[in-house]
Number of protein chains: 2
Amino acid sequence: MDTTQRTEQQRSADRRRRELLEAADRVVLREGPHASMNAIAAEAGITKPILYRHFGDKGGLYAALAQRHTDALLDSLRAALDAPAERRRRVEATLDTYLAAIEARPQVYRFLMHPAEGAPAPGDQGEQGFDVGKHSAPLLRRMGEELAQVIEERLDLGPAGQRLARVWGHGIVGMMHAAGDWWLGERPCSRAELVHGLADLLWGRLAVAGDRAGGPGF
Amino acid sequence: MDTTQRTEQQRSADRRRRELLEAADRVVLREGPHASMNAIAAEAGITKPILYRHFGDKGGLYAALAQRHTDALLDSLRAALDAPAERRRRVEATLDTYLAAIEARPQVYRFLMHPAEGAPAPGDQGEQGFDVGKHSAPLLRRMGEELAQVIEERLDLGPAGQRLARVWGHGIVGMMHAAGDWWLGERPCSRAELVHGLADLLWGRLAVAGDRAGGPGF
DNA sequence: ACCCGGTGTTACTTACGGTAACACCGAGTC
DNA sequence: GACTCGGTGTTACCGTAAGTAACACCGGGT
(Lines give C-alpha, C1' and ligand atoms only; values in the text may rest on other atoms or scores of the structure.)
Protein backbone atom coordinates (compact mmCIF):
# COMPACT_ATOMS: atom_id res chain seq x y z
CA MET A 1 0.00 0.00 0.00
CA ASP A 2 2.68 2.54 -0.92
CA THR A 3 1.64 6.10 -1.46
CA THR A 4 2.20 6.49 -5.19
CA GLN A 5 0.17 3.43 -6.09
CA ARG A 6 -2.66 4.39 -3.79
CA THR A 7 -2.67 7.85 -5.25
CA GLU A 8 -2.73 6.37 -8.73
CA GLN A 9 -5.80 4.27 -7.98
CA GLN A 10 -7.47 7.02 -6.08
CA ARG A 11 -6.98 9.52 -8.85
CA SER A 12 -8.60 7.17 -11.27
CA ALA A 13 -11.51 6.51 -8.93
CA ASP A 14 -11.88 10.20 -8.21
CA ARG A 15 -11.91 11.08 -11.88
CA ARG A 16 -14.57 8.47 -12.48
CA ARG A 17 -16.53 9.79 -9.55
CA ARG A 18 -16.42 13.29 -10.94
CA GLU A 19 -17.60 12.06 -14.33
CA LEU A 20 -20.50 10.25 -12.70
CA LEU A 21 -21.40 13.31 -10.67
CA GLU A 22 -21.39 15.46 -13.77
CA ALA A 23 -23.68 13.04 -15.54
CA ALA A 24 -25.96 12.97 -12.52
CA ASP A 25 -25.91 16.73 -12.50
CA ARG A 26 -27.06 16.90 -16.09
CA VAL A 27 -29.92 14.50 -15.44
CA VAL A 28 -31.04 16.23 -12.26
CA LEU A 29 -30.93 19.58 -14.02
CA ARG A 30 -33.00 18.15 -16.84
CA GLU A 31 -35.49 16.00 -14.94
CA GLY A 32 -35.57 17.44 -11.46
CA PRO A 33 -34.94 15.73 -8.14
CA HIS A 34 -37.12 12.79 -9.16
CA ALA A 35 -34.49 11.57 -11.59
CA SER A 36 -34.14 7.82 -11.27
CA MET A 37 -30.90 5.97 -10.72
CA ASN A 38 -31.49 4.19 -14.01
CA ALA A 39 -31.71 7.48 -15.84
CA ILE A 40 -28.54 8.78 -14.23
CA ALA A 41 -26.69 5.58 -15.00
CA ALA A 42 -27.88 5.73 -18.61
CA GLU A 43 -26.70 9.32 -18.92
CA ALA A 44 -23.30 8.27 -17.67
CA GLY A 45 -23.27 5.41 -20.20
CA ILE A 46 -23.23 2.70 -17.54
CA THR A 47 -25.67 0.75 -15.38
CA LYS A 48 -26.96 1.05 -11.85
CA PRO A 49 -24.64 -1.18 -9.79
CA ILE A 50 -21.69 1.05 -10.61
CA LEU A 51 -23.45 4.04 -9.18
CA TYR A 52 -24.17 2.06 -6.06
CA ARG A 53 -20.54 0.97 -5.78
CA HIS A 54 -19.45 4.59 -5.89
CA PHE A 55 -22.08 6.27 -3.76
CA GLY A 56 -23.65 3.57 -1.64
CA ASP A 57 -27.21 4.58 -2.23
CA LYS A 58 -29.27 7.31 -3.76
CA GLY A 59 -28.90 9.45 -0.69
CA GLY A 60 -25.14 9.22 -0.99
CA LEU A 61 -25.17 10.30 -4.60
CA TYR A 62 -27.50 13.18 -3.87
CA ALA A 63 -25.45 14.24 -0.89
CA ALA A 64 -22.29 14.31 -2.99
CA LEU A 65 -24.10 16.24 -5.69
CA ALA A 66 -25.53 18.70 -3.22
CA GLN A 67 -22.22 19.31 -1.55
CA ARG A 68 -20.61 20.48 -4.77
CA HIS A 69 -23.26 23.09 -5.34
CA THR A 70 -23.48 24.01 -1.69
CA ASP A 71 -19.76 24.61 -1.52
CA ALA A 72 -19.87 26.78 -4.60
CA LEU A 73 -22.74 28.88 -3.30
CA LEU A 74 -21.20 29.25 0.12
CA ASP A 75 -18.00 30.51 -1.45
CA SER A 76 -19.91 33.25 -3.25
CA LEU A 77 -21.74 34.19 -0.10
CA ARG A 78 -18.55 34.35 1.93
CA ALA A 79 -17.05 36.65 -0.65
CA ALA A 80 -20.01 39.01 -0.43
CA LEU A 81 -19.97 38.85 3.34
CA ASP A 82 -16.27 39.65 3.49
CA ALA A 83 -16.26 42.52 1.04
CA PRO A 84 -14.88 45.79 2.36
CA ALA A 85 -17.94 47.97 2.84
CA GLU A 86 -20.20 49.15 5.58
CA ARG A 87 -22.50 46.73 7.32
CA ARG A 88 -25.68 47.44 5.48
CA ARG A 89 -23.99 47.31 2.09
CA ARG A 90 -22.56 43.94 2.95
CA VAL A 91 -25.87 42.55 4.05
CA GLU A 92 -27.45 43.75 0.86
CA ALA A 93 -24.66 42.31 -1.24
CA THR A 94 -25.04 38.95 0.45
CA LEU A 95 -28.78 38.87 -0.04
CA ASP A 96 -28.35 39.87 -3.65
CA THR A 97 -25.72 37.21 -4.24
CA TYR A 98 -28.01 34.53 -2.93
CA LEU A 99 -30.98 35.73 -4.92
CA ALA A 100 -28.93 36.05 -8.08
CA ALA A 101 -27.79 32.47 -7.65
CA ILE A 102 -31.24 31.01 -7.25
CA GLU A 103 -32.50 33.17 -10.06
CA ALA A 104 -29.79 32.03 -12.41
CA ARG A 105 -30.19 28.31 -11.74
CA PRO A 106 -33.55 27.55 -10.18
CA GLN A 107 -33.29 23.83 -10.81
CA VAL A 108 -30.11 23.58 -8.83
CA TYR A 109 -31.69 25.60 -6.10
CA ARG A 110 -34.76 23.39 -5.99
CA PHE A 111 -32.62 20.31 -5.84
CA LEU A 112 -30.55 21.67 -2.99
CA MET A 113 -33.60 22.46 -0.92
CA HIS A 114 -35.21 19.05 -1.36
CA PRO A 115 -32.42 16.52 -1.51
CA ALA A 116 -33.94 14.06 0.95
CA GLU A 117 -36.88 13.04 -1.20
CA GLY A 118 -35.96 9.47 -1.92
CA ALA A 119 -34.15 6.89 0.21
CA PRO A 120 -36.63 5.79 2.86
CA ALA A 121 -34.33 2.75 3.10
CA PRO A 122 -36.16 -0.63 3.05
CA GLY A 123 -34.71 -1.75 6.37
CA ASP A 124 -36.04 1.38 7.97
CA GLN A 125 -36.86 0.02 11.42
CA GLY A 126 -35.63 2.12 14.27
CA GLU A 127 -35.51 5.89 14.47
CA GLN A 128 -39.22 6.01 15.17
CA GLY A 129 -38.85 9.69 15.92
CA PHE A 130 -37.82 10.10 12.28
CA ASP A 131 -35.26 12.86 12.42
CA VAL A 132 -37.52 15.75 13.19
CA GLY A 133 -35.53 18.92 13.08
CA LYS A 134 -32.79 17.48 10.93
CA HIS A 135 -35.06 17.33 7.94
CA SER A 136 -34.11 20.70 6.61
CA ALA A 137 -31.90 20.96 3.63
CA PRO A 138 -28.26 20.74 4.66
CA LEU A 139 -27.68 23.90 2.67
CA LEU A 140 -29.90 25.91 4.99
CA ARG A 141 -28.17 24.57 8.05
CA ARG A 142 -24.73 25.23 6.69
CA MET A 143 -25.63 28.75 5.65
CA GLY A 144 -27.15 29.40 9.04
CA GLU A 145 -24.09 28.20 10.92
CA GLU A 146 -21.78 30.07 8.62
CA LEU A 147 -23.61 33.33 9.07
CA ALA A 148 -23.83 32.76 12.81
CA GLN A 149 -20.08 32.47 12.96
CA VAL A 150 -19.56 35.67 11.04
CA ILE A 151 -22.00 37.52 13.25
CA GLU A 152 -20.45 36.22 16.41
CA GLU A 153 -16.95 37.09 15.26
CA ARG A 154 -17.69 40.62 14.33
CA LEU A 155 -20.50 41.88 16.49
CA ASP A 156 -20.46 42.66 20.14
CA LEU A 157 -23.74 41.23 21.39
CA GLY A 158 -23.05 41.08 25.07
CA PRO A 159 -22.80 38.05 27.35
CA ALA A 160 -25.24 35.79 25.49
CA GLY A 161 -23.67 36.80 22.20
CA GLN A 162 -22.89 33.34 20.95
CA ARG A 163 -26.38 31.98 21.35
CA LEU A 164 -27.90 35.10 19.95
CA ALA A 165 -25.60 34.97 16.93
CA ARG A 166 -26.75 31.47 16.10
CA VAL A 167 -30.40 32.39 16.49
CA TRP A 168 -29.89 35.31 14.18
CA GLY A 169 -27.82 33.34 11.70
CA HIS A 170 -30.48 30.72 11.20
CA GLY A 171 -33.26 33.27 11.33
CA ILE A 172 -31.75 35.52 8.70
CA VAL A 173 -30.96 32.62 6.42
CA GLY A 174 -34.52 31.38 6.75
CA MET A 175 -35.85 34.82 5.96
CA MET A 176 -33.68 35.00 2.87
CA HIS A 177 -34.69 31.53 1.79
CA ALA A 178 -38.43 31.87 2.21
CA ALA A 179 -38.56 35.32 0.68
CA GLY A 180 -36.42 34.15 -2.22
CA ASP A 181 -38.57 31.11 -2.77
CA TRP A 182 -41.73 33.18 -2.85
CA TRP A 183 -40.14 35.81 -5.05
CA LEU A 184 -38.88 33.23 -7.52
CA GLY A 185 -42.36 31.79 -7.84
CA GLU A 186 -44.31 35.01 -8.24
CA ARG A 187 -41.79 37.60 -9.32
CA PRO A 188 -43.74 40.36 -7.59
CA CYS A 189 -40.91 42.86 -7.82
CA SER A 190 -37.34 43.35 -8.96
CA ARG A 191 -34.45 41.72 -7.21
CA ALA A 192 -33.17 45.05 -5.98
CA GLU A 193 -36.52 45.90 -4.45
CA LEU A 194 -36.63 42.60 -2.64
CA VAL A 195 -33.11 43.07 -1.31
CA HIS A 196 -33.94 46.55 -0.14
CA GLY A 197 -37.15 45.43 1.54
CA LEU A 198 -35.45 42.63 3.43
CA ALA A 199 -32.61 44.85 4.52
CA ASP A 200 -35.16 47.38 5.77
CA LEU A 201 -36.79 44.62 7.77
CA LEU A 202 -33.47 43.67 9.32
CA TRP A 203 -32.80 47.30 10.04
CA GLY A 204 -35.80 47.54 12.28
CA ARG A 205 -38.29 49.36 10.11
CA LEU A 206 -40.99 47.02 11.43
CA ALA A 207 -40.53 48.42 14.90
CA VAL A 208 -40.69 52.06 13.95
CA ALA A 209 -43.39 51.99 11.30
CA GLY A 210 -46.45 54.03 12.18
CA ASP A 211 -49.87 52.55 12.79
CA ARG A 212 -52.32 52.81 9.99
CA ALA A 213 -55.30 55.08 10.49
CA GLY A 214 -58.49 53.34 11.57
CA GLY A 215 -57.03 50.19 13.06
CA PRO A 216 -56.13 49.12 16.58
CA GLY A 217 -52.49 49.25 15.66
CA PHE A 218 -50.16 46.36 14.99
CA MET B 1 -81.50 14.57 -7.96
CA ASP B 2 -83.46 16.49 -5.35
CA THR B 3 -81.61 18.47 -2.73
CA THR B 4 -82.34 16.47 0.38
CA GLN B 5 -81.21 13.22 -1.14
CA ARG B 6 -78.07 14.75 -2.48
CA THR B 7 -77.33 16.21 0.92
CA GLU B 8 -77.98 12.83 2.45
CA GLN B 9 -75.44 11.15 0.22
CA GLN B 10 -72.95 13.92 0.61
CA ARG B 11 -73.14 13.84 4.37
CA SER B 12 -72.45 10.15 4.36
CA ALA B 13 -69.52 10.61 2.01
CA ASP B 14 -68.17 13.47 4.08
CA ARG B 15 -68.37 11.48 7.27
CA ARG B 16 -66.54 8.64 5.61
CA ARG B 17 -63.95 11.03 4.34
CA ARG B 18 -63.36 12.40 7.81
CA GLU B 19 -62.98 8.92 9.20
CA LEU B 20 -60.45 8.09 6.55
CA LEU B 21 -58.55 11.28 7.22
CA GLU B 22 -58.41 10.52 10.90
CA ALA B 23 -57.07 7.06 10.23
CA ALA B 24 -54.49 8.52 7.87
CA ASP B 25 -53.60 11.02 10.54
CA ARG B 26 -52.90 8.31 13.06
CA VAL B 27 -50.69 6.43 10.64
CA VAL B 28 -48.76 9.48 9.54
CA LEU B 29 -48.24 10.48 13.14
CA ARG B 30 -46.99 7.01 13.93
CA GLU B 31 -44.90 6.25 10.86
CA GLY B 32 -44.02 9.61 9.44
CA PRO B 33 -44.60 10.96 5.95
CA HIS B 34 -43.38 7.72 4.40
CA ALA B 35 -46.54 5.92 5.46
CA SER B 36 -47.78 3.77 2.60
CA MET B 37 -51.26 3.86 1.20
CA ASN B 38 -51.63 0.22 2.17
CA ALA B 39 -50.83 1.01 5.79
CA ILE B 40 -53.31 3.86 5.86
CA ALA B 41 -56.01 1.73 4.30
CA ALA B 42 -55.34 -1.03 6.81
CA GLU B 43 -55.60 1.43 9.68
CA ALA B 44 -58.96 2.54 8.36
CA GLY B 45 -60.03 -1.09 8.07
CA ILE B 46 -60.39 -1.00 4.30
CA THR B 47 -58.23 -1.41 1.20
CA LYS B 48 -56.45 0.90 -1.16
CA PRO B 49 -58.93 1.48 -3.99
CA ILE B 50 -61.31 3.19 -1.60
CA LEU B 51 -58.69 5.69 -0.62
CA TYR B 52 -58.07 6.36 -4.26
CA ARG B 53 -61.78 6.85 -4.91
CA HIS B 54 -61.94 9.43 -2.15
CA PHE B 55 -58.72 11.32 -2.65
CA GLY B 56 -57.58 10.63 -6.20
CA ASP B 57 -53.97 9.92 -5.38
CA LYS B 58 -51.52 10.07 -2.54
CA GLY B 59 -50.93 13.74 -3.13
CA GLY B 60 -54.64 14.38 -2.75
CA LEU B 61 -54.83 12.55 0.53
CA TYR B 62 -51.79 14.32 1.87
CA ALA B 63 -53.09 17.67 0.72
CA ALA B 64 -56.38 17.10 2.53
CA LEU B 65 -54.53 15.97 5.61
CA ALA B 66 -52.20 18.94 5.50
CA GLN B 67 -55.03 21.40 5.10
CA ARG B 68 -56.68 20.31 8.33
CA HIS B 69 -53.56 20.89 10.34
CA THR B 70 -52.67 24.02 8.49
CA ASP B 71 -56.07 25.52 9.18
CA ALA B 72 -55.78 24.69 12.85
CA LEU B 73 -52.34 26.22 13.18
CA LEU B 74 -53.34 29.32 11.26
CA ASP B 75 -56.26 29.82 13.60
CA SER B 76 -53.94 29.80 16.60
CA LEU B 77 -51.58 32.21 14.92
CA ARG B 78 -54.36 34.59 13.98
CA ALA B 79 -55.52 34.61 17.57
CA ALA B 80 -52.06 35.52 18.82
CA LEU B 81 -51.69 38.14 16.11
CA ASP B 82 -55.03 39.71 17.00
CA ALA B 83 -54.60 39.80 20.75
CA PRO B 84 -54.94 43.22 22.36
CA ALA B 85 -51.40 44.21 23.26
CA GLU B 86 -48.62 46.37 21.99
CA ARG B 87 -46.85 45.47 18.79
CA ARG B 88 -43.79 43.81 20.22
CA ARG B 89 -45.81 41.70 22.64
CA ARG B 90 -47.96 40.51 19.80
CA VAL B 91 -45.01 39.57 17.66
CA GLU B 92 -43.53 37.65 20.54
CA ALA B 93 -46.83 35.91 21.26
CA THR B 94 -47.14 34.86 17.64
CA LEU B 95 -43.61 33.52 17.51
CA ASP B 96 -44.19 31.67 20.75
CA THR B 97 -47.45 30.18 19.53
CA TYR B 98 -45.77 28.82 16.45
CA LEU B 99 -42.83 27.41 18.36
CA ALA B 100 -45.07 25.86 20.98
CA ALA B 101 -47.04 24.15 18.23
CA ILE B 102 -44.04 22.61 16.53
CA GLU B 103 -42.59 21.67 19.88
CA ALA B 104 -45.78 19.93 20.98
CA ARG B 105 -46.27 17.90 17.82
CA PRO B 106 -43.09 17.68 15.83
CA GLN B 107 -44.39 14.87 13.65
CA VAL B 108 -47.26 16.99 12.43
CA TYR B 109 -44.89 19.81 11.82
CA ARG B 110 -42.51 17.66 9.85
CA PHE B 111 -45.34 16.32 7.77
CA LEU B 112 -46.64 19.77 7.00
CA MET B 113 -43.26 20.98 5.82
CA HIS B 114 -42.62 18.04 3.51
CA PRO B 115 -45.97 17.02 2.13
CA ALA B 116 -44.83 16.76 -1.47
CA GLU B 117 -42.60 13.75 -0.99
CA GLY B 118 -44.52 11.22 -3.01
CA ALA B 119 -46.66 11.69 -6.11
CA PRO B 120 -44.24 12.37 -8.92
CA ALA B 121 -47.16 11.16 -11.09
CA PRO B 122 -46.26 8.42 -13.59
CA GLY B 123 -47.49 10.37 -16.60
CA ASP B 124 -45.23 13.21 -15.66
CA GLN B 125 -44.47 14.56 -19.12
CA GLY B 126 -44.83 18.27 -19.47
CA GLU B 127 -43.94 20.90 -16.91
CA GLN B 128 -40.28 20.48 -17.71
CA GLY B 129 -39.59 23.48 -15.55
CA PHE B 130 -40.95 21.45 -12.65
CA ASP B 131 -42.66 24.01 -10.48
CA VAL B 132 -39.65 25.82 -9.16
CA GLY B 133 -40.75 28.31 -6.58
CA LYS B 134 -43.98 26.53 -5.85
CA HIS B 135 -42.17 23.67 -4.16
CA SER B 136 -42.36 25.15 -0.73
CA ALA B 137 -44.76 23.73 1.78
CA PRO B 138 -48.19 25.26 1.30
CA LEU B 139 -48.17 26.04 5.00
CA LEU B 140 -45.27 28.42 4.61
CA ARG B 141 -46.92 30.20 1.72
CA ARG B 142 -50.21 30.54 3.51
CA MET B 143 -48.58 31.83 6.65
CA GLY B 144 -46.58 34.31 4.62
CA GLU B 145 -49.61 35.65 2.81
CA GLU B 146 -51.62 35.81 5.99
CA LEU B 147 -48.97 37.76 7.82
CA ALA B 148 -48.50 40.03 4.82
CA GLN B 149 -52.15 40.91 4.94
CA VAL B 150 -52.06 41.73 8.63
CA ILE B 151 -49.00 43.89 8.16
CA GLU B 152 -50.47 45.71 5.24
CA GLU B 153 -53.75 46.34 7.03
CA ARG B 154 -52.22 47.75 10.15
CA LEU B 155 -48.97 49.40 9.26
CA ASP B 156 -48.42 52.53 7.29
CA LEU B 157 -45.50 51.68 5.05
CA GLY B 158 -45.78 54.41 2.49
CA PRO B 159 -46.52 54.15 -1.23
CA ALA B 160 -44.97 50.72 -1.84
CA GLY B 161 -46.61 49.40 1.31
CA GLN B 162 -48.35 46.47 -0.23
CA ARG B 163 -45.30 45.01 -1.89
CA LEU B 164 -43.22 45.63 1.17
CA ALA B 165 -45.78 43.95 3.40
CA ARG B 166 -45.65 40.80 1.33
CA VAL B 167 -41.87 40.75 1.31
CA TRP B 168 -41.88 41.12 5.06
CA GLY B 169 -44.63 38.58 5.58
CA HIS B 170 -42.79 35.86 3.74
CA GLY B 171 -39.47 36.90 5.17
CA ILE B 172 -40.64 36.85 8.77
CA VAL B 173 -42.39 33.53 8.32
CA GLY B 174 -39.24 32.08 6.81
CA MET B 175 -37.18 33.41 9.69
CA MET B 176 -39.55 31.84 12.17
CA HIS B 177 -39.59 28.56 10.32
CA ALA B 178 -35.86 28.14 9.87
CA ALA B 179 -35.04 29.23 13.38
CA GLY B 180 -37.71 26.94 14.78
CA ASP B 181 -36.48 24.03 12.73
CA TRP B 182 -32.92 24.51 13.90
CA TRP B 183 -34.03 25.04 17.49
CA LEU B 184 -36.17 21.91 17.46
CA GLY B 185 -33.23 19.87 16.28
CA GLU B 186 -30.57 21.18 18.63
CA ARG B 187 -32.46 22.73 21.51
CA PRO B 188 -29.69 25.25 22.10
CA CYS B 189 -31.80 27.42 24.37
CA SER B 190 -35.21 27.82 25.91
CA ARG B 191 -38.21 28.76 23.85
CA ALA B 192 -38.47 32.12 25.53
CA GLU B 193 -34.86 32.93 24.72
CA LEU B 194 -35.42 32.07 21.11
CA VAL B 195 -38.52 34.22 20.93
CA HIS B 196 -36.72 37.10 22.53
CA GLY B 197 -33.74 36.75 20.22
CA LEU B 198 -35.86 36.73 17.09
CA ALA B 199 -37.90 39.69 18.26
CA ASP B 200 -34.68 41.57 18.92
CA LEU B 201 -33.59 40.80 15.41
CA LEU B 202 -36.84 42.16 14.01
CA TRP B 203 -36.48 45.21 16.21
CA GLY B 204 -33.28 46.19 14.49
CA ARG B 205 -30.68 45.18 17.02
CA LEU B 206 -28.56 43.91 14.15
CA ALA B 207 -28.26 47.43 12.82
CA VAL B 208 -27.27 49.08 16.07
CA ALA B 209 -24.99 46.43 17.54
CA GLY B 210 -21.45 47.60 18.08
CA ASP B 211 -18.46 46.24 16.22
CA ARG B 212 -16.33 43.78 18.07
CA ALA B 213 -12.86 44.87 19.01
CA GLY B 214 -10.08 43.70 16.70
CA GLY B 215 -12.12 43.08 13.57
CA PRO B 216 -12.88 45.18 10.51
CA GLY B 217 -16.45 45.49 11.65
CA PHE B 218 -19.51 43.80 10.25
C1' DA C 1 -88.28 -9.13 -10.81
C1' DC C 2 -85.00 -5.61 -12.35
C1' DC C 3 -81.63 -2.19 -12.62
C1' DC C 4 -78.29 1.16 -10.42
C1' DG C 5 -75.18 3.67 -7.62
C1' DG C 6 -72.24 3.24 -3.77
C1' DT C 7 -69.01 0.41 -1.10
C1' DG C 8 -65.98 -3.09 -0.96
C1' DT C 9 -62.83 -6.78 -2.61
C1' DT C 10 -58.82 -9.47 -5.11
C1' DA C 11 -55.42 -9.45 -8.34
C1' DC C 12 -52.73 -7.15 -11.46
C1' DT C 13 -49.31 -3.74 -13.77
C1' DT C 14 -45.63 -0.56 -13.56
C1' DA C 15 -41.75 1.72 -11.72
C1' DC C 16 -38.03 2.17 -8.83
C1' DG C 17 -34.37 1.34 -5.21
C1' DG C 18 -31.22 -1.97 -4.23
C1' DT C 19 -28.50 -6.50 -4.69
C1' DA C 20 -26.45 -11.03 -6.17
C1' DA C 21 -23.98 -13.45 -9.37
C1' DC C 22 -21.29 -13.66 -13.09
C1' DA C 23 -17.91 -11.76 -17.05
C1' DC C 24 -13.98 -9.15 -18.67
C1' DC C 25 -9.39 -7.04 -18.40
C1' DG C 26 -4.99 -5.18 -17.25
C1' DA C 27 -1.12 -5.48 -13.91
C1' DG C 28 1.93 -7.63 -11.09
C1' DT C 29 3.93 -12.50 -9.59
C1' DC C 30 5.87 -17.28 -9.71
C1' DG D 1 3.20 -18.15 -20.14
C1' DA D 2 -0.25 -19.54 -16.64
C1' DC D 3 -2.33 -17.41 -12.31
C1' DT D 4 -4.35 -14.61 -9.20
C1' DC D 5 -6.40 -10.06 -7.99
C1' DG D 6 -8.74 -5.67 -7.91
C1' DG D 7 -11.49 -2.83 -10.55
C1' DT D 8 -15.14 -2.14 -13.99
C1' DG D 9 -18.89 -3.71 -16.16
C1' DT D 10 -23.03 -6.62 -17.13
C1' DT D 11 -27.77 -9.24 -16.70
C1' DA D 12 -31.23 -10.78 -13.98
C1' DC D 13 -33.43 -10.66 -10.01
C1' DC D 14 -36.12 -9.18 -5.31
C1' DG D 15 -39.16 -6.22 -2.43
C1' DT D 16 -42.00 -2.48 -2.02
C1' DA D 17 -45.22 0.81 -3.09
C1' DA D 18 -48.35 3.63 -6.26
C1' DG D 19 -52.08 3.16 -8.99
C1' DT D 20 -55.75 0.44 -11.70
C1' DA D 21 -58.93 -2.96 -13.65
C1' DA D 22 -62.54 -6.19 -12.98
C1' DC D 23 -65.59 -8.28 -10.29
C1' DA D 24 -68.94 -8.87 -5.92
C1' DC D 25 -72.40 -7.33 -2.63
C1' DC D 26 -76.37 -4.64 -1.12
C1' DG D 27 -80.16 -1.45 -0.52
C1' DG D 28 -83.73 1.33 -2.64
C1' DG D 29 -86.64 3.07 -6.52
C1' DT D 30 -89.54 1.70 -10.66
Side-chain angles (χ1 to χ4, degrees), chain A residues 1-2 4-21 23-24 27-28 31-65 115-125, chain B residues 1-2 4-21 23-24 27-28 31-65 115-125:
Chain A
M1 198 221 267
D2 88 285
T4 57
Q5 194 178 4
R6 202 177 200 308
T7 303
E8 185 71 18
Q9 289 179 341
Q10 248 188 357
R11 281 200 359 177
S12 167
D14 282 2
R15 198 171 47 238
R16 200 85 186 90
R17 188 184 164 96
R18 265 209 314 279
E19 289 172 13
L20 297 185
L21 277 178
V27 177
V28 168
E31 303 187 12
H34 292 299
S36 79
M37 294 297 267
N38 258 327
I40 294 174
E43 171 76 26
I46 54 166
T47 51
K48 276 195 297 179
I50 302 182
L51 286 181
Y52 284 95
R53 279 221 266 271
H54 273 271
F55 301 103
D57 62 355
K58 189 173 185 168
L61 202 177
Y62 275 33
L65 208 49
E117 302 239 345
D124 201 294
Q125 314 306 2
Chain B
M1 210 226 256
D2 87 283
T4 58
Q5 193 178 6
R6 203 183 200 306
T7 304
E8 183 72 17
Q9 290 180 340
Q10 247 187 356
R11 282 207 347 184
S12 166
D14 282 3
R15 199 172 45 239
R16 199 87 187 90
R17 188 186 163 95
R18 265 210 311 280
E19 290 172 14
L20 297 184
L21 277 178
V27 177
V28 167
E31 303 188 10
H34 292 301
S36 79
M37 293 298 266
N38 257 327
I40 293 173
E43 171 76 27
I46 53 166
T47 50
K48 273 193 300 176
I50 302 182
L51 286 181
Y52 284 95
R53 280 222 264 271
H54 274 272
F55 302 103
D57 61 355
K58 189 172 186 168
L61 202 177
Y62 275 33
L65 209 49
E117 302 242 341
D124 201 294
Q125 315 306 2

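The sequence lines fix the lettering, A, B, ..., with proteins before strands; numbering per chain opens at 1.
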Interatomic distance, B:I40 CD1 vs D:dA17 C1' [rounded to whole Å]: 12 Å
Name the closest nucleotide to the A:M37 side chain, picking from C:dG17, D:dG19, D:dA17. C:dG17
From CG of B:L61 across to P of D:dG19 the rounded distance in Å is 10 Å
A:K58 versus A:S36, closest heavy-atom pair with distance: NZ-CA, 4.5 Å
Any side-chain heavy atom of A:L61 within less than 4.5 Å of one from A:Y52? no
For A:N38 and C:dG17, what is the distance between atoms CG and P respectively, to the nearest whole Å? 7 Å
Could you state the NZ-P distance from A:K58 to C:dA15, rounded to the nearest angstrom? 15 Å
Could you report the tightest heavy-atom contact between B:H54 and B:R17, atom names first, then the distance? O-NH1, 3.6 Å
Just how far, in rounded Å, is P of C:dT7 from CZ of B:R15? 11 Å
Using a cutoff of under 3.5 Å, can you pull out all pairs of nitrogen or oxygen atoms linking the protein to nucleotides 9-12 of chain C, with atom names and distances?
| unit_1 | atom_1 | unit_2 | atom_2 | d |
| --- | --- | --- | --- | --- |
| C:dT9 | OP2 | B:T47 | N | 2.9 |
| C:dT9 | OP2 | B:T47 | OG1 | 2.4 |

When the distance from NE2 of A:H34 to C1' of C:dG17 is rounded to whole Å, what number comes out? 15 Å
Taking all heavy atoms of B:P33 and all of B:Y62, pick out the closest pair and write down the distance. O-OH, 3.1 Å
State the CG-CG distance between B:L51 and B:D57, to the nearest 0.5 angstrom. 11.5 Å
From CZ of B:F55 across to P of D:dG19 the rounded distance in Å is 14 Å
Got a list of side-chain donor-acceptor pairs under 3.5 Å for residues 37-48 of chain B, not counting sequence neighbours?
| unit_1 | atom_1 | unit_2 | atom_2 | d |
| --- | --- | --- | --- | --- |
| B:E43 | OE1 | B:R30 | NH2 | 2.7 |
| B:E43 | OE2 | B:R26 | NE | 2.7 |
| B:E43 | OE2 | B:R26 | NH2 | 3.3 |

Using a cut-off of less than 4.0 Å, is there contact between a side-chain N or O of A:R16 and OP1 or OP2 of D:dG9? yes
If I take atom OH in residue A:Y52 and atom P in nucleotide D:dC13, what distance separates them, rounded to the nearest angstrom? 19 Å
